[in-house]
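Here's the structure we're looking at; comments come further down.
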Amino acid sequence: MNYSEFIEVYEELSETTKKLGKTDILADFLKKLKEHSEWIYLLRGRVVADYDEREFGISTQLVIKAISRASGISIEKVVEKFRKIGDLGEVAEEFIKFKKQNTLFSSKLKVDKVFTNLTRLMDTDGKGSVDKKLDFISELLTSASGKEAKYIIRTLLNDLRVGVADAILRDSIAKAFFENEDEMRDIIDEAYDKVNDFAEVYERAIKGKSALHEVDIKPGRPMKVMLPVKVLDLDEALRICGETVAVEHKYDGFRVVISNDGRKIDLFTRRLDNVTKQFSDVVSVVKDNVKGKSYVLDSEVVGYDPKSGKYKPFEAISQRIRRKYDIDKLIRDLPVEINVFDILFYNGKSTMGMPFLERRKLLEKIIKIQDKKIRLSTQFVSNDKDKIMKFYKDALKIGEEGIMIKNISAHYRPGRRVGYMVKIKPVVNDLDLVIIGAEYGTGKRAGGLTSFIVACRDGKDFLEVGKVSSGLKEKESEGTTYKEINNLLTPLIIKKDGTIVHVKPKVIVSVTYQNMQKSPSYSSGFAMRFPRITHYRPERGIYDIATIEDIKKEAGKERR
Ligand code: ATP
């Protein structure tokens with residue numbers, strides 16, 4: 001297949017804003033991929049599955065050099081153009097098009113070639129890698145048309161801008177290969193949430209419904225975890241989960257999937273990041289205290305003070321997720337306890353279809369409890385509302401966040417907020433939001449970004465919910481610092497507008513506020529009063545943030 005066929009789809013997709021339109025375009029195109037299932041990754045600007053953390057690792061500088069080399073235009077001119085139009089994809093398009101008009105070059109760029117070179121880029125590192133990478137990119141650009149060059153560059157810079165979200169790809173696969181699209185959407189979704197690999201889902205979809213049903217999680221790979229539904233009170237919880245329920249403490253730590261594939265143990269966050277290196281202490285504890293050749297455990301890892309033994313809130317241990325140096329010292333200063341609450345795979349077989357209480361029994365059999373190292377979540381099974389209420393109050397008294405109520409016979413459904421478990425916690429006004437812009441400070445803070453425009457999600461769009469300038473700290477030991485947020489945001493800057501910058505929506509923060517009110521100043525139509533950033537959420541992705549529906553609900557609270 002010629003790469004130009006991909007370009008046509010990219011262009012059509014970027015001209016269509018409607019989800020349904022995109023689904024039609026993609027459904028038609030997907031039928032053509034056939035045995036090249038891996039090309040499906042290119043539709044999202046990648047060459048590997050979503051669970052795979054490898055990146056192209058290409059700097060803006062390298063792209064500028066490659067454009068210059070392939071087009072014969074000087075580096076200075078490329079930089080100048082880039083300054084003017086702010087998009088290297090378009091710079092490449094213009095210069096490569098110009099070059100093509102002046103040569104008799106006509107060979108067609110094949111998808112296979114693009115895919116191969118992009119894959120090579122990802123696997124090239126060490127000595128001489130920059131030159132090799134430059135060769136791979138220039139080779140592609142030299143055989144590319146202007147438009148092809150634009151999309152190659154955007155792919156390399158992780159900025160494809162054609163908007164193929166998970167849901168759109170899922171719907172398109174359903175439409176391309178099945179008559180009963182509605183029913184298949186859920187089945188495809190579940191298969192995807194287990195493997196996080198659209199190529200595998202695509203191959204199975206071609207084979208049919210039963211092949212999709214057979215998709216299973218794979219130890220050693222990250223997976224999407226099951227999430228709870230938030231309820232207002234116990235009555236609602238019992239209505240959703242059944243009369244007799246399992247009640248557990250809701251720990252204030254962070255979610256870790258512990259995966260042993262028979263050879264090694266890996267730890268993943270709910271955003272599918274591999275955090276094994278940062279938590280070697282967890283790996284040793286698991287190795288010594290969990291029986292079994294292979295397994296996947298779901299757990300909450302909670303920090304505690306090594307001197308007093310008292311548990312610490314998430315903010316206090318969040319440094320352990322993101323720090324890549326001094327790890328041994330952090331392990332000593334901020335030790336953690338693993339609270340295991342579910343098992344999804346055991347000794348070669350999935351356990352997700354087993355009723356919850358049976359999964360719990362299996363956990364009880366295979367885990368050796370060690371004080372302040374590894375334990376099972378505190379649980380009791382009951383249909384007595386008074387007893388559950390007392391358990392809830394006691395949990396709050398000892399400082400837990402609330403309780404989780406779980407359906408005792410439900411299976412495990414990865415990736416979804418399903419009613420197989422719900423959470424009850426005291427009402428606090430806080431939301432996870434993404435930073436989409438920021439403003440430089442003045443005076444003492446001149447030169448640094450000090451106030452942040454935060455947004456919620458509306459489908460694949462982001463809507464502003466306010467500007468936050470307080471809550472961040474000076475010292476790392478006190479929580480998330482200005483410096484850290486600045487370091488995270490600087491490489492994400494897309495555009496500067498005086499003292500304001502627009503950034504790619506990547507950095508997620510928890511924000512507390514007094515109340516939510518209507519406001520014409522922000523694109524959501526709402527604004528938080530007295531917002532404060534409590535902490536950075538490195539383990540969350542943009543799909544975890546509050547939606548516009550959540551914001552409306554919050555604003556509705558005020559009127560009740
Ligand atoms: P909120 O967004 O309301 O602050 P949250 O940030 O903790 O809540 P939620 O997804 O709403 O996130 O709550 C579910 C999380 O609670 C899980 O992802 C898990 O990390 C944590 N958790 C703590 N204890 C348990 C438990 N016993 N069983 C399941 N999850 C638990």
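Quantities reported herein were computed from a predicted structural model and do not represent experimental measurements. Counting starts at 1 for both ligands and their atoms, in listed order. Residues: numbered from 1 along the sequence shown.
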At under 4.0 Å between heavy atoms, is it the side chain or the backbone of [X] that contacts ligand 1, or both, or neither?
X	result
Glu400	neither
Lys425	side chain
Phe341	side chain
Glu539	neither
Pro228	side chain

Could you tell me the residue and atom name of the protein heavy atom closest to [atom], and the distance to it rounded to 0.1 Å?
atom	answer
atom 12 (O) of ligand 1	Arg540 NH2, 3.7 Å
atom 24 (N) of ligand 1	Tyr251 N, 3.0 Å
atom 18 (O) of ligand 1	Arg255 NH1, 2.8 Å
atom 19 (C) of ligand 1	Glu300 OE1, 2.9 Å
atom 26 (C) of ligand 1	Met404 CG, 3.5 Å
atom 16 (O) of ligand 1	Lys250 NZ, 3.4 Å
atom 28 (N) of ligand 1	Lys406 NZ, 2.9 Å
atom 3 (O) of ligand 1	Lys423 NZ, 2.7 Å

Inset, instruction - Give the atoms of ligand 1, by number and element, whose distance to some non-hydrogen atom of Arg417 is under 4.0 Å. - result: 10 (O), 11 (O)
Legend entry - Subset of ligand 1 atoms that lie under 4.0 Å from at least one heavy atom of His249: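 Counting atoms of ligand 1 from 1, those under 4.0 Å from His249 are 24 (N), 25 (C), 26 (C), 27 (N).
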Legend entry - Met226 heavy atom under 4.0 Å from ligand 1: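 Under 4.0 Å: no for Met226.
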Inset, instruction - Please verify whether a non-hydrogen atom of Gln379 lies at under 4.0 Å from ligand 1. - result: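 Gln379 does not count as a contact of ligand 1 under the 4.0 Å cut-off.
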Inset, instruction - Please say which of Arg204, Arg170, Glu181 ends up in a side chain to side chain contact (heavy atoms under 4.5 Å, CB included) with Ile188. - result: Arg170
Legend entry - Matching residue for Ile40 among Asp197, Val201, Ile173 - test: side chain to side chain contact (heavy atoms under 4.5 Å, CB included): Ile173
Legend entry - Intermediate values then yes/no, side-chain contact (heavy atoms from CB on, under 4.5 Å), Val336 and Val282: CA-CA 8 Å; Val336 292; Val282 169; 3.7 Å; yes
Inset, instruction - Describe, in one word, how the ring planes of Phe314 and His535 are oriented to each other, choosing from parallel (under 30°), tilted (30 to 60°) and perpendicular (over 60°). - result: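 Phe314 and His535: tilted rings.
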Legend entry - Mutual orientation of the aromatic rings belonging to Tyr311 and Tyr304 [parallel < 30°, tilted 30-60°, perpendicular > 60°]: perpendicular
Legend entry - Which atom of Arg537 lies closest to which atom of Arg271, heavy atoms considered: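 Arg537 and Arg271 have their closest heavy atoms at O-NH1, 4.5 Å.
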Inset, instruction - Indicate the atoms forming the closest heavy-atom contact of Ala546 with Leu433, along with that distance. - result: CB-CD2, 4.1 Å
Legend entry - Asp298 bridged to Arg255 by N-O distance under 4.0 Å: yes
Legend entry - Salt bridge Arg540-Asp432, side-chain N to carboxylate O under 4.0 Å: yes
Legend entry - Test of proximity, Glu248 against ligand 1: N or O pairs below 3.5 Å: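 Yes, at least one N or O pair falls under 3.5 Å.
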Inset, instruction - Kindly confirm or rule out an N or O of Asp430 lying under 3.5 angstrom from an N or O of ligand 1. - result: no
Legend entry - Test of ring centre spacing under 6.0 Å for Tyr192 and Tyr202: no
Inset, instruction - In sequence, state the C-alpha distance, the side-chain angles, and the governing distance for Asp326 and Lys329, and then conclude on salt bridge (charged side-chain N to carboxylate O under 4.0 Å, His left out). - result: CA-CA 5 Å; Asp326 276 352; Lys329 181 169 183 311; over 6 Å; no
Inset, instruction - Assess Arg532 against Phe530: is NZ or CZ under 6.0 Å from the centre of the six-membered ring, and within 45 degrees of the ring's axis? - result: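 Not flagged: Arg532 not positioned over aromatic ring of Phe530.
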